[in-house]
Each structure stands twice: as C-alpha cells, then as structure tokens.
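Worksheet: the structure to be examined is printed underneath.
Below, each value reflects all heavy atoms present in this structure, side chains not excepted, and no hydrogens, waters or symmetry copies.
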Amino acid sequence: MQEQIYHLQFAMDTFYFLMCGVLVMWMAAGFSMLEAGLVRAKNTTEILTKNVALYSIACIMYLVCGYYFMYDGGLFLQGIADIDVDATLASFAEQNDFTGDSVYSGASDFFFQVVFVATAMSIVSGAVAERMKLWAFLAFAVVMTGFIYPMEGSWTWGGKDVFGLYSLGDLGFSDFAGSGIVHMAGAAAALAGVILLGARKGKYTKDGKVNAIPGANMPLAALGTLILWMGWFGFNGGSVLKLGDIANAHSVAVVFLNTNAAAAAGAVAALIMSVVLFRKADLTMALNGALAGLVAITAEPSTPTPLQATLFGAIAGVIVVASILALDKVKIDDPVGAISVHGVVGLFGLLLVPLTNSDSTFVGQIIGAATIFIWVFGTSFIVWYVLKLVMGIRVSEEAEYEGVDSSECGIEAYPEFVASVK
C-alpha cells in the first residue's frame with residue numbers, strides 16, 4: 001500500500017511539473033503576440049519568425065549542452081530518460097512522509113528548465129526589434145541559450161561556486177522563480193545588443209526630441225500580455241517544485257494568489273501614472289505595468305502577504321513607467337520596453353526578497369544581481385561585437401525603411417495593408 005502511495009506521489013508531482021512547463025511554453029505565444037503588436041506592420045513577420053526560431057534553438061542548445069553546464073545533466077541529456085524505480089522508492093521511504101525534497105522525473109525537470117531558457121531569450125527579441133539582422137540574432141541565441149544563461153544558472157539554481165571563488169547561496173542570495181536569473185539576465189543581454197545596435201531611424205532627433213513609434217496592433221499586444229499573465233502561473237507556481245502534500249499545495253495556492261495580485265496592481269498603477277504624466281490612459285504602459293508586477297513578484301511569490309504582493313506590484317508599475325521614459329532620455333531604444341520591464345524591475349524584485357524571506361540578505365541579493373548582470377552583459381557584449389565584425393548585426397537603411405519582413409523573410413504579415421500605404 002505504501003509503495004502505491006509513493007508511485008502516486010511521484011506521478012502527481014511529475015505531472016504538475018510538466019503542466020506548469022506547458023504553461024511557461026505558452027508564454028512563447030505571449031511574447032510573440034506582444035512583440036508583434038508593438039512593432040510596425042512592416043516588421044511583424046520577422047518578429048514572429050524570431051520568436052518561433054529562438055524557442056526552437058533554445059530547446060536544442062539546452063538539450064545539447066545547456067543543461068549539462070547548469071546542472072551537470074550530461075551532454076545530449078545522457079541518461080535522463082532512464083529511471084531507477086527502486087532508488088526512487090527508497091528516496092521516498094527515507095523521507096518517511098511527503099514533506100521532504102521533491103521527487104519527480106528528471107525528464108520533467110529538463111522540460112521545465114528549458115522553457116525558462118527560452119523565456120530569457122524572448123526578452124532579447126523585443127528590445128532589438130525592427131533593425132537587427134535575423135541571422136545575427138539567431139546566432140546570438142545559440143550562445144545565449146547554450147552557454148551564457150546556463151553558466152549563470154549554475155551559480156544560482158545549480159548551486160555551484162562562481163568560478164570557484166564564492167557561493168551565492170552562502171551569501172544569502174535567493175531568487176525563487178527568476179526575477180534576476182531569467183528576467184534581468186535576458187534584459188542584460190538585450191541591453192548589450194541595443195547599445196551596439198543603435199536606435200531605430202527617426203526615433204531620436206538631433207535636438208534630443210523623442211519621437212514615438214506606435215505599434216501596429218494593440219489587440220495583439222493586449223492578447224500577448226494576457227497570455228503571459230496566464231503563463232506566469234506556471235512560471236511561479238511550478239517553481240514550488242512540489243504539489244502532493246498539504247504544505248506545498250498551500251504554497252502553490254499562495255504563489256498563484258500573489259502572482260495575480262502583483263500583476264493586477266502593476267497594471268492599475270502604470271495606467272494611473274500614464275494619466276498623470278500624459279493625460280491619457282496609455283494601454284502600452286498598462287500592459288508593461290502588468291508585466292512589471294509579474295517580474296517583481298517572481299523573485300519571491302511564496303512569502304509575501306497578499307497586501308504586500310499588491311503593494312510590490314503597484315510600485316513596480318510606477319517604476320516601469322519611469323524607467324521607460326528615462327531610457328528614452330539617454331537614447332536607449334527599446335521598442336517594447338523589455339529592458340525596463342525585465343531588467344530594472346527584475347533588480348527591484350530581487351531587492352524585495354529580504355523584506356519577506358528571512359533566509360535571504362540584502363548583501364547577498366546585491367552581489368547576486370551584480371554577478372548575473374556583469375556576466376551576462378559582459379559576455380553578451382563580446383558575442384554581439386564579434387557578430388557585428390563578422391556578419392554585421394544591423395540591416396541596411398533601405399531594408400529598415402522598407403521593413404525587415406521583406407528583406408529578412410520575404411513575406412508580409414499584412415500584405416494588403418502594407419501595399420496600400422507604401
């Protein structure tokens with residue numbers, strides 16, 4: 001009887017892990033729709049191509065070597081498809097109950113981890129939109145998902161020392177579901193690319209004026225945000241890593257509650273900020289405010305009270321509006337606000353953790369954030385720079401003017417509309 005219960009426990013936690021991974025995979029659709037909505041019509045096909053391709057590259061590269069670098073999982077996932085049933089049952093028996101460490105299929109762990117890798121790379125896609133060469137971007141995706149991200153992941157979730165020098169865990173660093181490990185890392189890679197890439201033509205004038213370049217499809221942008229919001233329940237909820245006992249099932253419910261509360265507060269706060277600053281209810285700010293609330297709570301969604309989660313989300317909504325405006329002032333051109341949403345707010349989320357989690361420290365959070373940013377930004381800058389020298393990373397002025405759909409993909413997303421306005 002007890003052995004049957006262990007089998008059920010294993011099946012339940014493995015299935016929960018897989019379904020949360022499916023929700024996170026669904027976030028790829030969210031990023032695709034959000035970015036397609038916030039770019040101009042003439043660049044839509046290319047941004048969709050990037051998102052489909054980067055997800056596929058992430059899955060391949062993390063399988064080939066990324067999981068190995070991060071968790072010593074074996075090159076090409078050697079052995080991950082095997083399972084020792086007797087050893088698994090013995091690990092349950094040693095715990096005596098279901099409140100010990102998580103026990104689930106190694107294959108489910110890989111699937112859950114690989115969709116996080118793709119999420120980090122998706123952040124880069126929007127920030128460099130409308131002027132980057134497709135194949136330069138995909139070449140960077142190979143390095144980012146196969147090496148850069150797995151290395152910093154090995155120092156955080158993987159528990160390895162940073163180049164053998166210091167342990168972030170020993171310093172009190174904690175990042176429950178990846179405000180820094182995933183989101184700030186993606187933003188750091190994006191920032192390096194944007195600096196070398198430069199702004200879109202016409203975005204900034206010589207006298208310092210900032211010209212708004214509206215996206216082509218607000219319904220798609222709103223749909224993408226709501227898909228991301230939904231997927232985030234898997235992102236944060238799955239990071240509990242276990243479901244089949246009372247304490248962990250309750251923790252999952254709290255994580256869902258706090259995740260939702262932070263997103264809602266972020267959207268409302270950003271919307272109010274847009275009315276105060278622009279005298280208009282700016283949908284794009286509200287959408288980024290919701291995402292900012294989600295990013296902020298991701299570092300620790302299990303320990304805040306619902307009121308604290310709501311306040312954290314609201315502050316994140318205010319921060320993201322201010323950050324988007326500030327980056328425009330220094331001519332950092334980010335068409336979708338990804339660097340602000342995932343980078344600035346990702347750092348904010350890390351700094352919130354010690355307020356509700358006594359196992360973390362502010363010093364540990366700061367050192368962890370600095371380690372992630374310096375590594376990802378530095379290595380990404382080098383890779384982007386090499387790509388710039390070898391193949392170029394920016395399309396020609398003519399291609400940018402005509403739209404990268406034509407030059408990079410040969411297919412218009414809205415052929416009748418684009419033809420009528422040219």
Side-chain angles (χ1 to χ4, degrees), residues 31 35 38-39 43 46-47 50 54 119-145 147-149 151-152 180-213 288 292 295 319-320 322-348 369-397 399-400 404 408:
F31 279 112
E35 294 170 17
L38 293 180
V39 301
N43 300 312
E46 195 261 0
I47 201 78
K50 284 200 302 185
L54 75 84
T119 297
M121 191 61 214
S122 294
I123 294 165
V124 184
S125 173
V128 300
E130 302 200 295
R131 72 272 200 207
M132 175 169 277
K133 290 182 177 180
L134 173 63
W135 289 101
F137 174 83
L138 297 181
F140 177 80
V142 170
V143 184
M144 177 69 178
T145 60
F147 179 68
I148 297 175
Y149 173 91
M151 285 300 294
E152 61 97 1
I181 297 169
V182 178
H183 295 280
M184 193 181 69
L191 178 61
V194 168
I195 290 173
L196 287 171
L197 189 61
R200 290 168 291 175
K201 296 296 181 182
K203 177 65 177 177
Y204 307 113
T205 62
K206 292 181 179 179
D207 60 3
K209 181 181 177 182
V210 179
N211 293 321
I213 302 179
N288 277 328
V295 170
I319 289 173
V320 78
S323 176
I324 289 171
L325 297 176
L327 289 183
D328 264 341
K329 291 292 185 182
V330 295
K331 298 184 178 181
I332 299 294
D333 183 16
D334 180 356
V336 303
I339 296 171
S340 295
V341 170
H342 302 276
V344 176
V345 178
L347 174 61
F348 172 67
T371 300
I372 293 168
F373 180 82
I374 291 170
W375 166 255
V376 177
F377 179 84
T379 51
S380 296
F381 193 92
I382 293 170
V383 175
W384 285 126
Y385 188 71
V386 170
L387 289 171
K388 185 175 182 178
L389 294 177
V390 172
M391 62 187 301
I393 59 175
R394 183 159 187 150
V395 299
S396 67
E397 287 191 27
E400 185 175 351
V404 290
E408 298 289 285

Query raised in the report: Using the ring of each side chain (for Trp, its six-membered ring), is Phe377 parallel, tilted or perpendicular to Phe373, with breaks at 30° and 60°?
Result: parallel

Query raised in the report: Angle class for the Phe31/His342 ring planes (parallel below 30°, perpendicular above 60°, tilted otherwise)?
Result: tilted

Would you call [X] and [Y] a side-chain contact if the rule is heavy atoms closer than 4.5 Å?
{"X": "Glu152", "Y": "Thr371", "result": "no"}
{"X": "Lys203", "Y": "Val210", "result": "yes"}
{"X": "Ile148", "Y": "Val143", "result": "yes"}
{"X": "Val182", "Y": "Tyr149", "result": "yes"}
{"X": "Lys50", "Y": "Val128", "result": "yes"}
{"X": "Leu38", "Y": "Pro335", "result": "no"}
{"X": "Val124", "Y": "Phe137", "result": "yes"}
{"X": "Val194", "Y": "Asp334", "result": "no"}

Treating [X] as the side-chain partner and [Y] as the backbone partner, does any N or O pair qualify as donor plus acceptor under 3.5 Å?
{"X": "Ser323", "Y": "Ile319", "answer": "no"}
{"X": "Lys201", "Y": "Glu400", "answer": "no"}
{"X": "Trp375", "Y": "Ala185", "answer": "no"}
{"X": "Tyr204", "Y": "Ile332", "answer": "yes"}

The complete set of side chain to side chain donor-acceptor pair (under 3.5 Å) pairs with one or both residues in residues 187-198, sequence neighbours excluded, reads none

Tell me the closest heavy-atom pair linking [X] and [Y], and the distance in Å.
{"X": "Gly392", "Y": "Ala136", "result": "O-CB, 3.7 Å"}
{"X": "Asn288", "Y": "Gly337", "result": "ND2-CA, 4.4 Å"}
{"X": "Val376", "Y": "Ala188", "result": "CG1-CB, 3.9 Å"}

Report the distance from atom [atom1] of [X] to atom [atom2] of [Y], rounding to the nearest 0.5 Å.
{"X": "Leu196", "Y": "Leu387", "atom1": "CG", "atom2": "CG", "result": "10.0 Å"}
{"X": "Met132", "Y": "Ile47", "atom1": "CE", "atom2": "CD1", "result": "10.5 Å"}
{"X": "Glu35", "Y": "Glu46", "atom1": "CD", "atom2": "CD", "result": "10.0 Å"}
{"X": "Ile393", "Y": "Phe140", "atom1": "CD1", "atom2": "CZ", "result": "10.5 Å"}

Quick note, salt bridge (charged side-chain N to carboxylate O under 4.0 Å, His left out) partners involving residues 122-132, not counting sequence neighbours, are Arg40-Glu130, Glu130-Arg200

Exercise for review: Test side-chain contact (heavy atoms from CB on, under 4.5 Å) on Leu327 and Ser340 and set out the steps.
Suggested key: CA-CA 8 Å; Leu327 289 183; Ser340 295; 3.3 Å; yes

Glu408 meets the salt bridge (charged side-chain N to carboxylate O under 4.0 Å, His left out) criterion, sequence neighbours left out, with none

